[in-house]
Structure formats: C-alpha cells, structure tokens
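Notes for the one structure printed next.
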Amino acid sequence: MASTINRRSAIILLAAAIEALAQPPAAPRPRFEVAVIKPIASLQQARADPNFSLGMKITAQQVTIRLPLEPMIEVAYNVTQSQIEGPDWLVKNQGGPDYVVFEIAAKMPDGATEAQVPLMLQALLEDRFKATVRKTSKQGSMYALTVGKDGPKFPKKEGPAEPERSPATRDIAVGQQGGQIGGATVSQTPNGGMRIEASSPGGLIFLLERLLSPAVVVVDKTGLQGAFDIKVDVPPITTNNLGGPANAADVAQMRKDLIAEGLGKIGLKLEQQKGLVDTIVVEHMEKAPTEN
C-alpha cells in the first residue's frame, strides 16, 4: 500500500512540475524609467489655495502627480478611501499640517500605456516609500447601483463607452470644485448644485465613490452594457433642505440623499448592502521617499 501511495504522490508531483514548466513566466511589472519626487505643501495648504491643483496628468512621455500618499494608493490599487487600512498618519490624520502633498514627475517607458500607470505607481510606492501592502476581503457595507422598475431613463450612445476608470485627470477634491476623471465629469451648475456626466455605469460609479462622503464602495448591478448619455443633476445643499445649522455628518447625509434623488430621476437606485469588500492593508510605508 505504501508503495502505491508513494507512486501516486510522485505522479501528482511530476504532473504539477510539468504544468509549472509549461506556464509562461509572469511578465515583469512595468516601472517608470525615472521618477523625481518632492514634498510641496500640506494638504491643508493645498486646499486653501484656489490656484493649487491636485491630481494626475498622463501623456505618452510623462506622468505628473500631485497627491498625498493615501490617494496615490487609491489610484494604484483602484480602491476608495474606505477600502484602505493602515497607520493613523496615513489614513486618519488627513487634515493635519503633516499630511503632505507630493509632486512626482515620472518618465513613461517606451511603449507603455495609460492602463499600466497604476501598476507602475504600485512599484514606485514600494521602491521609493518602502510600502508593504496586503490584499484581502472583509465583510462590510457597500452600495449597489441598480436599475429602477421602470428601466433607465437615459439614451444609448453609438460606439464604445469611454475609458472612464482611467486615473488620467483625477481630482481628489472633485466634490467641492468640479473636475474630470477619464470620460466622467462633475461640474457646478448655475444654481450651485452639481451635474454628473458619464458614458457608462462604471464611469458613474467611479465618481459616486468619490462624491459620497465618507467614501464608499459602489458595485455595478445595473446589467447595462455599452455607451450611454448619463446625466445626473444634483440640487445644491442649502440651510433650507438641511433644516437649519448642521454638522459635517448632516451635510454628508444630505449630499447622499440628493445624489440618490438625482439618480432616481434617471431610473437608477443606490441600495445599501452587506458583502465582501476588497481591502488594501498597508502594513508599512515611509512618510518620506528615498532620495531622487
């Protein structure tokens, strides 16, 4: 019996070895050719200066980033703030004077694409900030974007949807000042409200996750495929609809209610649910980068 088991085990191990040899080697993770990193202001100072722009710009030759570290992690791993765990200085003390905005000027390798930028940013955070990151899933709260019983009330567009999940022009203050994320935009309306525009549910979700406060996870359960002309008008937050003076939590809840109301007018719903949420655990990260 022992010899039978040993022979069977040897066959299994041999098959596994042959299969492993048959697999092509994993492609190396792309990296920026050169990256110059420097601290330029605290987030407090940046938000107080109307001429100071936060975000990311990508061209064929260069990537320019002006963000604190936590939003860089969001872009690198395609998650929201609520999906990141880490030391308090990174994830909780974002209003403090020590919460630094870094400017990064990075050279794109020949032939690199915009879609590879998050992977290159992951490598940069590991190389220059000594980041150690672990991916996991945890039971948590999320929102599902669904279609109402009467169906969507926005038209289809000809051609494919724009690549809205791109971080090309990501503005982390998008909810306050307006901005653009790939093909999805948010702008201020004449009455002080917002207009959210997207060409797919994915683009709409990418904006919703950053407009809702505190940041939330939104999953696409619309079942809609293709390109659409999605416009969501959100009324302004006023003392009238707040019912008088309010704290930050009241304002955040009112914004969520007004966005949900705007979505309802175009046949979409936000439904709170429980489920497994992808989580990025930052086990270690230096506050300052290694030298250029």
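Although no hydrogens or angles enter the test, the distance criterion places no donor-acceptor pair under 3.5 Å between the side chain of T59 and the main chain of K57. In this structure, the side chain of Q253 does not engage the main chain of D250 through any donor-acceptor pair within 3.5 Å. The backbone N or O of I37 sits less than 3.5 Å from a side-chain atom of N292, completing a donor-acceptor pair. No side-chain donor-acceptor contact under 3.5 Å links E126 to the backbone of A123. Of the possible polar contacts, none joining the E33 side chain to the K107 backbone as a donor-acceptor pair under 3.5 Å is found. With hydrogens and angles ignored, the 3.5 Å screen pairs no side-chain donor or acceptor of R195 with any backbone N or O of T185.
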Query raised in the report: Which is it for M72 and F102 under the side chain to side chain contact (heavy atoms under 4.5 Å, CB included) test, yes or no, and what are the steps along the way?
Result: CA-CA 10 Å; M72 286 190 214; F102 290 94; 3.8 Å; yes
Query raised in the report: Yes or no on side chain to side chain donor-acceptor pair (under 3.5 Å) for S141 and Q272, after CA distance, side-chain angles and deciding distance?
Result: CA-CA 7 Å; S141 180; Q272 192 164 11; 2.9 Å; yes
Query raised in the report: Do Q116 and M108 pass the side chain to side chain contact (heavy atoms under 4.5 Å, CB included) test, and can you show the C-alpha distance, the side-chain angles, and the key distance before you say yes or no?
Result: CA-CA 10 Å; Q116 293 175 303; M108 290 277 275; over 6 Å; no
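The structure places CG of L204 at 6.0 Å from CG of L263, a figure rounded to the nearest 0.5 Å.
The only member of K256, Q273, K269 that meets side chain to side chain donor-acceptor pair (under 3.5 Å) when paired with Y143 is K256.
Look at K231 and D229 and you find a salt bridge, because one of the NZ, NE, NH1 or NH2 atoms lies within 4.0 Å of a carboxylate O, short of that distance. With respect to K130 and E286, no salt bridge is recorded, no charged nitrogen being found less than 4.0 Å from a carboxylate O. Residues E85 and K138 are paired through a salt bridge, judged by an N-O separation under 4.0 Å between the basic side chain and the carboxylate.
When the shell of 6.0 Å around CD of Q139 is examined, it contains more than 12 heavy atoms from other residues, nucleotides or ligands.
Scanning all heavy atoms of the two residues, the minimum distance from Q81 to V91 falls at NE2-O, 4.3 Å. Residue L258 comes nearest to P235 through the heavy atom pair CD1-O, 3.5 Å, listed as atom of the first residue, atom of the second, then distance.
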